[in-house]
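Notes to accompany the following structure.
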Protein chains: 2
Amino acid sequence: MFTIGKLAGLTGVSNDTLRYYEQEDLIRPADKSPAGYRLYDQESARRIHFIKHAQACGFTLAEIRELLMLRGLDQACCGDVRTRAIEKKLQIEQKIRAMRAMSRALDHLIEDCADETKPVKECAIIAALERANLSAPIQSP
Amino acid sequence: MFTIGKLAGLTGVSNDTLRYYEQEDLIRPADKSPAGYRLYDQESARRIHFIKHAQACGFTLAEIRELLMLRGLDQACCGDVRTRAIEKKLQIEQKIRAMRAMSRALDHLIEDCADETKPVKECAIIAALERANLSAPIQSP
DNA sequence: CTGGACCCTGGAGTATACTCCAAGGTCAAG
DNA sequence: CTTGACCTTGGAGTATACTCCAGGGTCCAG
């Protein structure tokens, strides 16, 4: 059994974050000392690692709360967890597609700008941003 | 000259958003009616389009405020805008890389789960999330 | 027994980009 | 003149994941 500072050191998150996770129902101290200090054990550390790794996979704390609940349920099965992982992957791929669209839009803008020394009045990038269709190429006069 | 509702209809953003943009120094009405109504012109519409397209490229409102400033400056040149576009593209590519890492981590988890019907106690995904190294494959016993 | 390191609670603040609301004034049609 | 659509301001609320703070208690070494 160790206090919050030890768990923080062990897991690499701050005391404040641990208390915040408790407030968010992600973790509960294994026990409390007579003085009211939070006391944790190895399972607490595993739980925090779980949270950190799930975050690194893109899960939000709300989703992680669910995963942790599944983890504790006897009747839950591996498939429940797998389903969530697959769903999250789809969400992430979706986001990646959105960002690639941004990246492409920026490419067009950057290409459009042939001459860096032109004054802004004639800036192709600015003109393109004012136009309706971002991906349309510039018209030659 | 038209009122806020017309500009909203013309540009596809809400009245509230237009007022919010004003508060954020992104746009100012061209004029005010005697009753204090905001009045806008074609340049206002161009400005809002500019904002929307810049957002679609991933720029934040704070960054767009800067772009709009450049747009109004005589001494600014096309290169200033281009630099910002290139910078933003790098940021976005960075984010895409981070998300691809998440996607890959999820792939490992999904792969690890060979049998969906297993109880959570033996769930490989949950075990992997508790482990330190997410990308490490499961050890055979 | 004192100093410093640690812990507690409750609440406020951060960033981003809106969105909604109340209470009230304005305008044009019928 | 009334009705309904429109406009005004100012302020609060949303989501996410923390972070920081004040004011106070606890614990242990020297």
Side-chain angles (χ1 to χ4, degrees), chain A residues 1-40 44 47-68 88 91-92 95 98-99 102, chain B residues 1-40 44 47-68 88 91-92 95 98-99 102:
Chain A
M1 294 290 222
F2 33 84
T3 58
I4 197 167
K6 305 282 179 197
L7 181 59
L10 231 59
T11 58
V13 307
S14 73
N15 295 16
D16 273 339
T17 297
L18 290 173
R19 281 187 283 256
Y20 172 69
Y21 285 173
E22 183 177 339
Q23 195 182 300
E24 293 293 301
D25 271 328
L26 292 163
I27 191 171
R28 258 199 314 263
D31 205 351
K32 287 245 183 174
S33 83
Y37 285 21
R38 290 169 178 82
L39 297 172
Y40 299 96
S44 312
R47 232 177 143 85
I48 297 302
H49 285 307
F50 185 101
I51 293 170
K52 286 182 67 177
H53 296 137
Q55 272 189 314
C57 289
F59 289 104
T60 66
L61 293 186
E63 290 160 347
I64 295 169
R65 192 187 301 124
E66 288 209 350
L67 290 175
L68 284 167
K88 177 55 65 180
Q91 280 173 27
I92 286 174
K95 276 195 190 167
M99 309 244 296
M102 285 181 184
Chain B
M1 293 291 222
F2 31 86
T3 57
I4 198 167
K6 306 282 181 197
L7 181 60
L10 231 60
T11 56
V13 305
S14 73
N15 296 16
D16 273 337
T17 297
L18 289 173
R19 280 188 284 256
Y20 172 69
Y21 285 172
E22 183 177 339
Q23 194 181 300
E24 292 293 302
D25 270 328
L26 292 162
I27 191 170
R28 257 199 313 262
D31 205 352
K32 287 244 183 172
S33 83
Y37 284 22
R38 290 168 178 82
L39 296 172
Y40 299 96
S44 313
R47 232 176 142 85
I48 298 301
H49 285 307
F50 185 101
I51 293 170
K52 285 181 68 176
H53 297 137
Q55 272 189 314
C57 290
F59 289 102
T60 66
L61 294 185
E63 290 160 348
I64 294 170
R65 191 187 302 124
E66 288 211 348
L67 289 175
L68 285 166
K88 177 55 66 180
Q91 279 172 29
I92 286 175
K95 276 194 191 168
M99 310 242 294
M102 286 181 183

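Letters go in sequence order (proteins before strands), and every chain restarts at 1. Predicted model, so just to flag it, every value in this text is computed and none were measured.
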Between CD1 of B/I64 and P of C/dT16 the distance, given in whole Å, is 12 Å
Taking the side chain as every heavy atom from C-beta outward, state whether A/Y21 and A/I64 have any atom pair closer than 4.5 Å.
no
Is a side-chain donor-acceptor pair under 3.5 Å present for A/K88 with A/Q91?
yes
Which whole-number value in Å describes the distance from A/K32 NZ to D/dG25 P?
17 Å
Distance test, side-chain N/O of B/R38 to OP1/OP2 of D/dT8, below 4.0 Å
yes
Calculate the interatomic distance between A/Y37 atom OH and D/dC28 atom P; express it in whole Å.
9 Å
Atom CG of A/L39 and atom P of D/dT26: how far apart are they, to the nearest Å?
15 Å
Starting at NZ of A/K6 and ending at C1' of C/dA5, how long is that distance when rounded to a whole Å?
10 Å
Note: B/A54 and B/L67 closest approach over all heavy atoms is CB-CD1, 4.5 Å
Residue pair B/L61 / B/Q55, side-chain heavy-atom distance below 4.5 Å:
yes
When you check the phosphate oxygens OP1 and OP2 of D/dC6, does a side-chain N or O of B/N15 lie under 4.0 Å from one of them?
no
Is B/Y40 close to B/T11 at the side-chain level, that is, under 4.5 Å between some pair of heavy atoms?
no
What nitrogen or oxygen pairs link the protein and nucleotides 17-21 of chain C at under 3.5 Å?
from, atom 1, to, atom 2, distance (Å)
C/dA17, OP1, B/L61, N, 3.3
C/dA17, OP2, B/L61, N, 3.2
C/dA17, N7, B/Y20, OH, 3.3
C/dC18, OP2, B/Y21, OH, 2.9
C/dC18, OP2, B/Q55, NE2, 2.5
C/dT19, OP2, B/T17, OG1, 3.4

Pairwise distance CD1(B/I27) to CZ(B/F50) - rounded to 0.5 angstrom
12.0 Å
Does B/T3 have a side-chain nitrogen or oxygen under 4.0 Å from the phosphate oxygens OP1 or OP2 of D/dC6?
no
Taking CZ from A/F2 and C1' from D/dC27, how many angstroms apart are they, rounded to a whole number?
19 Å
Atom CG of B/L7 and atom C1' of D/dT8: how far apart are they, to the nearest Å?
17 Å
Nearest-Å distance for atom pair CD1/C1', residues B/I4 and C/dT26:
15 Å
Could you tell me whether the side chain of A/L68 reaches within less than 4.5 Å of the side chain of A/I51, counting heavy atoms only?
yes
